[in-house]
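Notes for the one structure printed next.
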Amino acid sequence: MKLPITTSAVLAAALALTTAACGGGGTTAQPSGDGKSFEFWSFSGINQKASVDEYQKNHPGIQVKLTEVGSSVETAQALTTALAGGKVPDLVLIQGDDLPKFVQQPQNFQDLRQYGADKIKGDYLDWVMSQSTAKGGEIIGIPTDVGGMAVAYRTDLFKEAGLPTDREEVGKLWPTWDAFIETGKKYTAATGKAFVDNAGTSVFYQAVNQGPMKYYDPSGNVVYSTSPQVKTAFDLGIKAAQAGITAKQSSFSEGWSAGMGKGQFAVISAPAWLLGQIERNAPDTKGKWDIATIPGGAGNWGGSYLAIPKGAKNPKAAWDYITKTQSPQGQLEHFVDSGSLPTTPSVYKDPKLTGLKDPFFSDAPTGTIYTNSLLGLKPFLIGPDSSAIGQELLNAITNVEQGKGDPAKAWDAALANIKTAIGK
């Protein structure tokens with residue numbers, strides 16, 4: 001997910017980073033090119049420092065100069081500016097929705113096949129690996145994680161509302177998104193409180209990520225305005241926004257973060273990477289949450305890639321970091337430690353994954369729940385403007401939810417804004 005940002009903020013961040021890369025000092029100083037240190041740009045909010053610290057602990061001769069640029073959007077836009085200026089990091093983390101525009105310019109990145117990426121690509125989910133492979137076969141990124149889908153819910157609040165609390169019984173409440181919304185109405189009627197955090201990310205973003213064709217068709221043509229999957233998901237978002245069951249708290253806002261601990265909503269649609277945020281934002285609610293199957297049963301929201309820009313001074317050191325941290329075993333260990341869902345299916349049956357239970361979420365078997373949501377997924381093509389398209393559709397739903405938009409005109413308004421944003 002991406003936070004709203006301003007163009008000036010992006011340019012300021014990019015200028016600061018590229019200036020530092022030219023020798024301005026600080027944590028982003030240009031690496032020496034000695035092969036023993038490298039500069040790494042990541043986005044914030046995912047505790048990347050823990051992974052870097054662990055790597056440096058196991059490789060004491062290597063110095064990783066980590067910079068957390070900001071949001072995933074800020075990181076991608078700062079990278080765009082850096083690529084244009086020729087002063088780039090050795091390694092960069094790119095969020096999945098931002099990746100396609102970089103894949104269209106493979107000349108700006110190291111083709112990882114020269115380091116052996118073509119020999120290890122079979123370790124990863126085919127549909128995930130294909131997203132970082134250019135038309136000419138160049139591999140510009142190695143996947144670090146995927147999202148999977150599930151619903152996190154408060155067992156104590158469900159009990160107060162007279163709803164079941166067992167995760168399997170809860171999943172049976174909502175085989176479809178319409179059933180999810182009806183469950184929300186029952187909860188709100190019984191408690192007078194909001195059921196779900198918001199309609200945009202917890203309903204629309206999930207539903208739109210569950211079918212075989214999203215904003216682009218398999219040939220790369222833009223189809224957001226005619227895709228039944230998109231229109232159905234949008235209508236579900238509007239329906240949820242009008243149902244009176246949402247807390248109207250936009251994801252990743254201060255109110256949303258605080259609302260988790262205050263019980264202002266009982267349900268959040270939670271891909272694997274979101275669980276850590278719930279723990280950090282609401283530490284006193286340990287044992288009050290559980291995880292149930294997402295309506296529809298399968299889908300994916302999120303995931304990122306590690307890439308090495310063309311002008312990297314220490315590409316081999318960066319590649320070593322990738323191979324050590326993103327091997328099947330490395331991703332498994334990272335999942336056990338931090339909850340990042342592996343993109344390496346060979347570990348999906350590993351007892352460390354299948355046996356993992358999260359005490360914060362009532363000992364939910366998170367490994368099994370999230371990998372099951374991936375196994376039923378029909379992957380769709382992510383295009384260069386997927387992020388912008390999704391944001392405009394989300395904005396339209398949020399406007400209706402906040403009472404600022406006409407639900408009857410929301411779809412047409414979103415299409416008009418998308419056309420303005422991307423010119424298509």
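Being a predicted model, the structure only gives us computed values, none of them experimental.
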Original post:
For residues E401 and T246, is any side-chain donor paired with an opposing acceptor at under 3.5 Å?
Top reply: yes
Original post:
How far apart are the C-alpha atoms of S44 and V69, what are their side-chain angles, what is the distance that settles it, and do they pass the side chain to side chain contact (heavy atoms under 4.5 Å, CB included) test?
Top reply: CA-CA 7 Å; S44 57; V69 180; over 6 Å; no
Original post:
Taking only residues two or more places apart in sequence or in another chain, which ones pass salt bridge (charged side-chain N to carboxylate O under 4.0 Å, His left out) with D235?
Top reply: K231
Original post:
side chain to side chain donor-acceptor pair (under 3.5 Å): which pairs involve residues 142-157, sequence neighbours left out?
Top reply: R154-D156
**OP:** Could you pull out the closest heavy-atom pair between P106 and V103, with the gap in Å?
**Re:** CD-O, 3.2 Å
Subject >> More than 12 heavy atoms of other groups within 6.0 Å of D406 CG >> reply: yes
**OP:** Just do the side chain to side chain contact (heavy atoms under 4.5 Å, CB included) check on S251 and D197 with the steps written out, would you?
**Re:** CA-CA 8 Å; S251 296; D197 55 342; 4.0 Å; yes
Original post:
Do the ring centers of Y224 and Y216 come within less than 6.0 Å of each other?
Top reply: no
**OP:** Answer yes or no: is there a side-chain heavy-atom contact under 4.5 Å between M129 and I139?
**Re:** yes
Original post:
Do any N or O atoms from the side chain of D350 and from the backbone of S346 form a donor-acceptor pair under 3.5 angstrom?
Top reply: no
Original post:
Considering all heavy atoms of both residues, which atom of A364 and which atom of D290 are nearest to each other, and what is their separation?
Top reply: CB-OD1, 3.6 Å
**OP:** For the residue pair Q229 and P212, establish whether any side-chain heavy-atom pair is separated by less than 4.5 Å.
**Re:** yes
Original post:
Could you state the interatomic distance from CG (L381) to CH2 (W127), rounded to the nearest 0.5 Å?
Top reply: 12.5 Å
**OP:** Taking S338 for its side chain and F335 for its backbone only, find out whether a donor-acceptor pair lies under 3.5 Å.
**Re:** no
Subject >> T325 backbone acceptor or donor facing Q331 side chain under 3.5 Å >> reply: no
Subject >> Trace of the side chain to side chain contact (heavy atoms under 4.5 Å, CB included) decision for N108 with F102 >> reply: CA-CA 8 Å; N108 289 329; F102 295 114; over 6 Å; no
**OP:** For residues V92 and I94, determine if any side-chain heavy atom of one lies less than 4.5 Å from a side-chain heavy atom of the other.
**Re:** yes
**OP:** Evaluate the ring planes of W273 and W301, with Trp represented by its six-membered ring, and classify them as parallel (under 30°), tilted (30 to 60°) or perpendicular (over 60°).
**Re:** perpendicular
**OP:** For Y215, check ring pair (Phe, Tyr, Trp, His ring centres under 6.0 Å) against everything at least two apart and list the hits.
**Re:** none
Subject >> Residue pair Q402, K248: steps toward the side chain to side chain contact (heavy atoms under 4.5 Å, CB included) verdict >> reply: CA-CA 7 Å; Q402 299 289 342; K248 303 179 182 180; 3.7 Å; yes
Subject >> Side-chain donor/acceptor of S202 to backbone N/O of S269, under 3.5 Å >> reply: yes
Original post:
So, does N209 use its side chain to make a donor-acceptor pair with the main chain of Y205 at under 3.5 Å?
Top reply: yes
Original post:
Once you round to the nearest 0.5 Å, how far does CD of Q95 lie from OG of S304?
Top reply: 5.5 Å
Original post:
Hey, does T398 have a side-chain heavy atom less than 4.5 Å from the side chain of S250?
Top reply: yes
**OP:** Report the distance from atom CD1 of I245 to atom CD of E182, rounding to the nearest 0.5 Å.
**Re:** 8.5 Å
Original post:
Does G147 offer a backbone N or O that forms a donor-acceptor pair with the side chain of N300 under 3.5 Å?
Top reply: yes
Original post:
Is it true that a side-chain atom of R280 and a backbone atom of L275 form a donor plus acceptor pair closer than 3.5 Å?
Top reply: no
Original post:
Between OH of Y370 and OG1 of T293, what distance do you get to the nearest 0.5 Å?
Top reply: 10.5 Å
Original post:
NZ of K101: more than 12 outside heavy atoms within 6.0 angstrom?
Top reply: yes
Subject >> Test item: F38 and V64 side chains (from C-beta on) under 4.5 Å apart, heavy atoms >> reply: yes
Original post:
From E138 CD over to Q107 CD, what is the distance, rounded to the nearest 0.5 angstrom?
Top reply: 8.5 Å
**OP:** Please step through side chain to side chain donor-acceptor pair (under 3.5 Å) for the pair T285 and W289, ending with a clear verdict.
**Re:** CA-CA 7 Å; T285 61; W289 293 89; 2.9 Å; yes
**OP:** Determine the minimum heavy-atom distance between A396 and A410, stating which atoms define it.
**Re:** CB-O, 3.8 Å
Original post:
Is a donor on one side and an acceptor on the other found under 3.5 Å between the side chain of D385 and the backbone of A388?
Top reply: no
Subject >> Check: N198 and F265 side chains under 4.5 Å, non-hydrogen atoms >> reply: no
Original post:
Do the side chains of Y124 and V146 get nearer than 4.5 Å, heavy atoms only?
Top reply: no
Subject >> NZ/NE/NH1/NH2 to OD/OE distance under 4.0 Å, D320 and K324 >> reply: yes
**OP:** Mind checking salt bridge (charged side-chain N to carboxylate O under 4.0 Å, His left out) for K186 and listing every partner two or more places apart, or none if nothing turns up?
**Re:** none
Subject >> Exercise: do E39 and W41 side chains pair donor with acceptor under 3.5 Å >> reply: yes
**OP:** State which residues pass ring pair (Phe, Tyr, Trp, His ring centres under 6.0 Å) with F180; sequence neighbours excluded, sorted by chain then number.
**Re:** W174, W177, F195
Subject >> Chi angles and distances behind the side chain to side chain donor-acceptor pair (under 3.5 Å) call for Q326, Y321 >> reply: CA-CA 8 Å; Q326 305 310 322; Y321 180 88; 5.9 Å; no
Original post:
Which residues pass the salt bridge (charged side-chain N to carboxylate O under 4.0 Å, His left out) test with K239, sequence neighbours left out?
Top reply: D178
**OP:** Check A194 against Q264 and note the closest heavy-atom contact, atom names and distance.
**Re:** CB-O, 3.5 Å
Subject >> Rounded distance (nearest 0.5 Å) linking atom CD1 of I291 with atom CZ of F361 >> reply: 5.5 Å
Original post:
Do F360 and E279 have side chains that get closer than 4.5 Å, going by heavy atoms?
Top reply: yes
Subject >> Closest heavy-atom pair and its distance - L341, A272 >> reply: CB-CB, 3.9 Å
Subject >> Residue pair A318 / D90: nearest heavy atoms and the distance that separates them >> reply: CB-O, 3.6 Å
Subject >> Donor-acceptor pair, side chain of S373 and main chain of A298, under 3.5 angstrom >> reply: no
**OP:** Return yes if some donor-acceptor pair links the side-chain N/O of S253 with the main-chain N/O of Q249 below 3.5 Å, else return no.
**Re:** no
